[in-house]
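Chain identifiers are assigned alphabetically (A, B, ...) following the order of the sequence lines, protein sequences preceding nucleic acid strands; residue numbering begins at 1 within each chain.
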Amino acid sequence: KQEVTQIPAALSVPEGENLVLNCSFTDSAIYNLQWFRQDPGKGLTSLLLIQSSQREQTSGRLNASLDKSSGRSTLYIAASQPGDSATYLCAVTGGVMDSSYKLIFGSGTRLLVRP
Amino acid sequence: GAGVSQTPSNKVTEKGKYVELRCDPISGHTALYWYRQSLGQGPEFLIYFQGTGAADDSGLPNDRFFAVRPEGSVSTLKIQRTERGDSAVYLCASSLVGDPDEDNEQFFGPGTRLTVL
């Protein structure tokens with residue numbers, strides 16, 4: 001059964017720092033991987049989706065990479081800002097024993113960017 | 001157009017009562033999903049609709065939970081005889097299709113926070 005782990009659980013950085021959030025998954029037979037942002041008391045905002053055939057996706061200051069064979073993804077945030085403070089969730093679809101449409105989430109990384 | 005919307009945003013009920021949670025997906029999205037999120041955890045899958053039919057309801061915790069999507073658009077999640085353990089945020093998502101070989105990026109609504117006293 002697919003399991004997703006995110007490290008660290010929480011991260012506090014000063015404004016302007018570049019940072020990396022990590023996501024690992026146990027079954028490399030995924031269809032795709034999505035990174036989400038969740039603000040307190042709010043729903044999820046999709047940041048980036050990487051198909052299994054892709055290595056990375058970029059959107060503005062965000063860059064997500066995928067190494068399917070090793071079961072890892074990273075979300076790189078450049079020049080962090082206080083407005084980036086939120087919980088970042090990684091989720092995958094697929095796995096040998098899992099469906100192609102069901103997102104399986106990690107527990108998230110809570111990011112605080114200090115002014 | 002608008003994103004995924006969910007109503008109510010908050011629902012407080014007493015143990016044993018019946019509740020309905022509503023989801024309006026993005027117009028034209030054929031696939032709809034319900035997830036449940038407990039505090040400090042990532043969302044967990046409940047059910048997936050492709051059109052009007054529940055293609056996968058394997059995540060529903062027990063038979064007190066039921067969901068419908070009669071016209072292939074709006075969906076209602078129904079919980080009978082609510083228990084305190086049902087307290088969570090219920091999230092709805094939709095995607096253009098469910099097929100991973102096409103565009104199945106999921107877009108989420110703001111959620112309904114259910115509190116069972």
Side-chain angles (χ1 to χ4, degrees), chain A residues 1-10 21 23-25 29-54 57 59 64 66 68 86-110, chain B residues 2-7 9-10 21 23-26 29-51 54-60 88-113 115:
Chain A
K1 184 183 170 189
Q2 181 74 268
E3 293 183 2
V4 179
T5 303
Q6 292 187 246
I7 294 172
L21 307 181
C23 172
S24 61
F25 44 95
I30 63 169
Y31 287 97
N32 58 43
L33 182 146
Q34 260 182 281
W35 280 95
F36 294 89
R37 169 188 172 133
Q38 186 171 34
D39 292 283
K42 305 292 185 185
L44 279 64
T45 300
S46 179
L47 298 174
L48 291 163
L49 179 145
I50 311 177
Q51 298 288 356
S52 61
S53 58
Q54 297 174 322
Q57 284 284 349
S59 176
L66 173 63
K68 210 174 93 159
T87 296
Y88 290 80
L89 292 155
C90 166
V92 300
T93 56
V96 172
M97 300 294 290
D98 291 285
S99 62
S100 61
Y101 45 80
K102 176 169 58 177
L103 283 168
I104 300 170
F105 285 85
S107 295
T109 294
R110 290 191 318 278
Chain B
V4 178
S5 62
Q6 293 185 246
T7 55
S9 55
N10 280 283
L21 312 179
C23 172
D24 280 87
I26 293 172
H29 280 194
T30 63
L32 184 145
Y33 317 78
W34 284 97
Y35 293 82
R36 180 167 73 172
Q37 186 175 26
S38 300
L39 194 63
Q41 300 297 315
E44 293 182 326
F45 171 82
L46 296 177
I47 187 169
Y48 158 57
F49 286 90
Q50 181 57 53
D56 183 352
D57 65 358
S58 63
L60 296 178
V89 176
Y90 290 81
L91 294 163
C92 176
S94 70
S95 63
L96 195 59
V97 296
D99 185 339
D101 291 329
E102 300 183 42
D103 189 349
N104 72 337
E105 182 176 2
Q106 295 185 29
F107 297 90
F108 281 75
T112 293
R113 182 176 299 279
T115 303

Would you check if B:Ser95 and B:Glu105 make a side-chain contact, meaning some heavy-atom pair closer than 4.5 Å?
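With C-beta onward as the side chain, the pair stays apart.
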
Among the options B:Gly111, B:Pro110, B:Gly40, pick out the one with the most heavy-atom pairs lying under 4.5 Å from chain A.
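Among B:Gly111, B:Pro110, B:Gly40, the one with the most close pairs to chain A is B:Pro110.
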
Short question: side chain of A:Gln6, backbone of A:Leu21 - any donor-acceptor pair under 3.5 Å?
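Side chain of A:Gln6 to backbone of A:Leu21, a donor-acceptor pair under 3.5 Å: no, none is there.
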
A:Ile104 backbone acceptor or donor facing A:Gln2 side chain under 3.5 Å
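Side chain of A:Gln2 to backbone of A:Ile104, a donor-acceptor pair under 3.5 Å: no, none is there.
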
Please classify the contact of B:Gln37 with chain A as side chain, backbone, both or neither, using a heavy-atom distance under 4.5 Å.
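Interface part for B:Gln37: side chain.
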
Most contacts with chain B, counted as non-hydrogen pairs under 4.5 angstrom, among A:Ser53, A:Ser107, A:Gly108, A:Gly106
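Heavy-atom pairs under 4.5 Å are most numerous for A:Ser107.
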
Which word best sums up how the rings of B:Phe45 and A:Tyr101 line up, parallel for under 30°, tilted for 30 to 60°, or perpendicular for over 60°?
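The rings of B:Phe45 and A:Tyr101 sit tilted, inter-plane angle from 30° to 60°.
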
Under 4.5 Å from any heavy atom of chain B - which part of A:Leu89
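Answer is side chain: those atoms of A:Leu89 sit under 4.5 Å from chain B.
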
